[in-house]
Structure formats: C-alpha cells, structure tokens
Visitor: 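Here it is: the structure, laid out below.
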Amino acid sequence: MVRTSILITAIIVIANTLAGIILSGYSTFHMVISNVNILSSGLLLTYVFQSTSILPLKIGATSYLILSGFIRFLVALFSPDRFQDNYALVILIVLIALELICLVLINTIDKKKKRLLDEFI
C-alpha cells in the first residue's frame with residue numbers, strides 16, 4: 001500500500017503541475033501551494049500505511065487525511081495570489097497542525113492499547 005500511495009501522490013502532483021503549465025488562470029503560486037499540500041498529504045498517508053497501528057485506527061486516519069487533504073487543496077486553490085496577509089495560508093497551517101496532532105494521538109492510543117493488551121496476556 002505504501003508504494004501505491006507514493007505512486008498516486010506522484011501522479012496527482014504531475015497532473016497538477018501540468019494543469020498549472022497549461023491553464024493560464026492557474027497561477028504558479030496556486031500550483032506550488034497545491035503541490036505542497038498534495039505532497040504533504042501523500043507523506044502523511046504513507047506514514048499511516050507504514051505504521052503498525054491497528055486497522056480501525058488506520059482506516060479512520062486514512063479517511064480523515066484524505067478528507068482534510070482535499071479541503072486543503074480547495075483552500076489553496078482559492079487562496080489569494082500573494083504570500084503576505086494570506087489568511088488561507090494560515091488556515092492551511094492550522095489544518096496541517098491538526099492532522100499532525102491526530103497522528104500523534106493515534107500513535108499514543110495505539111501504544112497504550114498494545115501495552116494494556118500485553119499486561120493481560
């Protein structure tokens with residue numbers, strides 16, 4: 001599944017880059033921000049697929065990361081075409097921080113559950 005995640009991420013980044021090159025209304029700023037969001041989503045999904053977490057946690061994390069990654073892509077797509085005073089970039093940073101916090105919580109819950117199961121076995 002890890003190879004598939006990396007391959008799909010690469011395909012989406014290439015398609016997004018080609019769209020940025022072909023479409024005159026799709027600015028370079030939006031293309032770069034969107035590619036960064038796609039890459040970060042791909043890296044986070046790859047991390048989840050490589051983790052040893054139990055299946056329900058992986059399914060929940062994967063669903064959440066795909067949904068929030070799509071939301072981040074849309075926010076990046078419709079953000080203002082500037083770096084300064086860009087509240088959309090602040091929203092993107094907050095969403096990435098929430099994703100990372102969720103992954104930390106999932107790892108913590110998984111470790112506690114495994115430790116608890118080891119005590120009973």
Side-chain angles (χ1 to χ4, degrees):
M1 196 65 181
V2 172
R3 293 178 119 184
T4 305
S5 174
I6 293 170
L7 184 62
I8 290 172
T9 301
I11 291 169
I12 293 172
V13 167
I14 290 169
N16 188 54
T17 304
L18 289 174
I21 292 170
I22 295 169
L23 301 172
S24 62
Y26 193 29
S27 70
T28 304
F29 178 80
H30 289 115
M31 182 187 65
V32 169
I33 297 298
S34 296
N35 279 343
V36 167
N37 281 311
I38 293 167
L39 288 171
S40 66
S41 290
L43 288 173
L44 292 173
L45 284 170
T46 302
Y47 174 77
V48 169
F49 292 143
Q50 284 183 338
S51 73
T52 59
S53 297
I54 57 176
L55 189 60
L57 287 176
K58 279 187 175 185
I59 292 171
T62 301
S63 301
Y64 173 70
L65 288 174
I66 290 172
L67 178 66
S68 65
F70 183 70
I71 291 170
R72 281 192 292 118
F73 178 77
L74 290 177
V75 169
L77 196 62
F78 296 110
S79 70
D81 201 10
R82 64 183 185 278
F83 194 74
Q84 264 187 331
D85 297 328
N86 192 339
Y87 292 105
L89 292 178
V90 174
I91 292 170
L92 293 175
I93 292 169
V94 168
L95 288 173
I96 289 174
L98 289 173
E99 291 173 356
L100 292 172
I101 290 169
C102 284
L103 290 180
V104 168
L105 290 174
I106 286 171
N107 283 337
T108 304
I109 291 169
D110 190 50
K111 286 179 183 177
K112 286 186 179 188
K113 185 170 184 168
K114 286 179 182 175
R115 204 173 326 139
L116 189 64
L117 287 174
D118 286 344
E119 289 177 10
F120 286 118
I121 293 177

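Numbering of residues begins at 1 and proceeds along the displayed sequence. Bear in mind the structure is a predicted one, so any value in this text is a computation, not a measurement.
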Visitor: Out of curiosity, S40 OG to N35 CG, how far, rounded to the nearest 0.5 Å?
Guide: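 Atom-to-atom, S40:OG and N35:CG are 10.5 Å apart.
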Visitor: Do you reckon F83 sits in the same ILVMFWY cluster as I33, going by side-chain contacts under 4.5 Å, direct or chained?
Guide: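 Linked within one cluster.
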Visitor: Atom CG of L39 and atom OG1 of T46: how far apart are they, to the nearest 0.5 Å?
Guide: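 So the CG of L39 and the OG1 of T46 are separated by 10.0 Å.
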Visitor: Is any side-chain heavy atom of V48 closer than 4.5 Å to a side-chain heavy atom of L44?
Guide: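 Contact flag for V48/L44 side chains = no.
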Visitor: Side-chain heavy atoms under 4.5 angstrom apart, residues restricted to Ile, Leu, Val, Met, Phe, Trp, Tyr: same cluster for L103 and L45?
Guide: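 Yes; tracing contacts between hydrophobic side chains, which count when under 4.5 Å, links both residues.
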Visitor: Got a donor-acceptor contact below 3.5 angstrom from the H30 side chain to the S79 backbone?
Guide: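 Flag set: sc H30 to bb S79 pair under 3.5 Å.
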Visitor: Report whether L43 and I71 are members of the same hydrophobic cluster (ILVMFWY, side-chain heavy atoms less than 4.5 Å apart, transitive linking).
Guide: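 No, no single cluster joins them.
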Visitor: In Å, rounded to the nearest 0.5 Å, how long is the span from OH of Y87 to CD1 of I93?
Guide: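 Rounded to the nearest 0.5 Å, the OH-CD1 separation comes to 13.0 Å.
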Visitor: Just wondering, do V104 and L100 contact through their side chains at under 4.5 Å, heavy atoms?
Guide: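 No, side chains not in contact.
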Visitor: Side-chain donor-acceptor pair under 3.5 Å between R72 and S34, yes or no?
Guide: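 Absent: no donor and acceptor within the cut-off.
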Visitor: Between V90 and N86, does the side chain to side chain contact (heavy atoms under 4.5 Å, CB included) criterion hold? Intermediate values first, please.
Guide: CA-CA 7 Å; V90 174; N86 192 339; over 6 Å; no
Visitor: Take L77 and Y26 through the side chain to side chain contact (heavy atoms under 4.5 Å, CB included) test and state the conclusion after the steps.
Guide: CA-CA 8 Å; L77 196 62; Y26 193 29; 3.3 Å; yes
Visitor: Rounded to the nearest 0.5 Å, what's the gap from CD1 on I12 to CG on L7? Could you check?
Guide: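 Spacing of CD1 (I12) from CG (L7) equals 10.0 Å.
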Visitor: With clusters defined by side-chain heavy atoms of hydrophobic residues (ILVMFWY) lying less than 4.5 Å apart, directly or transitively, does L95 cluster with F78?
Guide: no
Visitor: Take L65 and Y47 through the test side chain to side chain contact (heavy atoms under 4.5 Å, CB included) and record every step on the way to the result.
Guide: CA-CA 11 Å; L65 288 174; Y47 174 77; over 6 Å; no
Visitor: Could you grab the distance from atom CG of N37 to atom CG of L74, nearest 0.5 Å is fine?
Guide: 10.5 Å
Visitor: Using side chain to side chain contact (heavy atoms under 4.5 Å, CB included), reason through L92 and V36 one step at a time and then give a plain yes or no.
Guide: CA-CA 11 Å; L92 293 175; V36 167; over 6 Å; no
Visitor: Can you tell me how far CG of L105 sits from CG of L98, rounded to the nearest 0.5 angstrom?
Guide: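 Answer for the CG-CG pair, L98 versus L105, is 10.5 Å.
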Visitor: Scan side-chain atoms only and decide if S51 and N107 contain a donor-acceptor pair under the 3.5 Å cut-off.
Guide: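 Looking only at side-chain atoms, N107 and S51 do not form any donor-acceptor pair under 3.5 Å.
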Visitor: Evaluate the side-chain proximity of K58 to F49: yes if any heavy-atom separation is below 4.5 Å, no if none is.
Guide: no
Visitor: Please say yes or no: joined through hydrophobic side-chain contacts below 4.5 Å, possibly via intermediate residues, are L18 and F29 part of one cluster?
Guide: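 Different clusters: L18 never reaches F29 through Ile, Leu, Val, Met, Phe, Trp or Tyr contacts under 4.5 Å.
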Visitor: Can you establish whether the number of heavy atoms outside R82 located under 6.0 Å from its atom CZ is more than 12?
Guide: yes
